[in-house]
Each structure stands twice: as C-alpha cells, then as structure tokens.
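Working notes, structure below.
For this chain, numbers begin at 1 and follow the sequence in order.
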Amino acid sequence: MVEDSTGEGISLAAGADGRASANILDIWVAHNTVCHNAGTDISGEGGTSAHPPLPPNLGTGNLLEGRIFENTATTVGVQDGAGTPGNQANVTQFNNVPCP
C-alpha cells in the first residue's frame, strides 16, 4: 500500500535521468493499493522525464514493457519516454479501479 506520498506512488522508468540507454524494464504490477498521492498514483515511462534539478533521460533505446492490472489507483499513466525519441512504453493496463 502506498498512500499520501508527496510525489508519485509507484514510479517505473526504463532509463533514469541523464544518458541511460538500451535499458529494458519488464514489469508486472498487480494487486496494489496506491491512493491519495500528490502525483500520479502509478506512472511508467520508457526513459524518465526530468526530476529537477536533474535532466530528463537523454539516452535512446529504453523500453518499459509489461502489465499494470488489478490495482486500486485513481491515476495510472504510461507514456513513451521524454527527452530523446526512441524510448518506448508498451504496457497493457486492465482492471484497475479508482481509489475510494
């Protein structure tokens, strides 16, 4: 259970800040309660966005793949990586339900 975080609840990124390249993160996120966080409850990116003062991922070939399912979370967001083209997120989302 992740609740009342001042940031994101669960954050998944294939490739961190800076020049990380050619990373593959294969995920299976299921049966969690992630509610009432200041940021996105569950987020995923194929190459992370900036977390000031750090820059976004500037590498290429990062891949986030897998499933996010059967979680209690109001906001679930998955996107291709920010910064450099060529970072991808191929994540299936299903049967997630909003927080009470």
From NE2 (His36) to CD (Glu3), nearest 0.5 Å: 5.5 Å
Under 3.5 Å, is there a donor-acceptor pair between the side chain of Thr75 and the main chain of Asp41? yes
Enumerate the disulfide (SG to SG under 2.5 Å) contacts for residues 16-75, please, sequence neighbours excluded, ordered by first and then second residue. Cys35-Cys99
Nearest heavy atoms of Gly46 and Ala89, plus distance in Å: N-CB, 4.0 Å
Any donor-acceptor pair under 3.5 Å linking the side-chain atoms of Asn57 with those of Asn87? yes
So which atom in Ser21 and which in Gly59 form the shortest heavy-atom distance, rounded to 0.1 Å? OG-CA, 3.2 Å
Give me each pair satisfying side-chain hydrogen bond (donor to acceptor under 3.5 Å, both in side chains) with a member in residues 5-16, each pair once, sequence neighbours excluded. Glu8-Ser11, Glu8-Ser43
Straight-line distance of Arg67 CZ to Asn95 CG, nearest 0.5 Å: 11.0 Å
Who else is in Ile68's hydrophobic cluster (ILVMFWY, side-chain heavy atoms under 4.5 Å, direct or via others)? Val2, Ile10, Leu12, Leu25, Ile27, Val29, Val34, Ile42, Leu64, Val76, Val78, Val91
Students should find that the hydrophobic cluster of Phe69, defined by side-chain heavy atoms under 4.5 Å apart, otherwise consists of Trp28, Phe94
Residue pair Gln88 / Asp80: nearest heavy atoms and the distance that separates them: CA-OD1, 3.4 Å
Restricting to side-chain hydrogen bond (donor to acceptor under 3.5 Å, both in side chains), what partner residues turn up for Asn32, sequence neighbours left out? Asn71
Please give the remaining members of the hydrophobic cluster of Leu63, linking ILVMFWY side chains under 4.5 Å, ordered by chain and number. Ile24
To the closest 0.5 Å, what do you measure between OG1 (Thr40) and CD (Glu45)? 9.0 Å
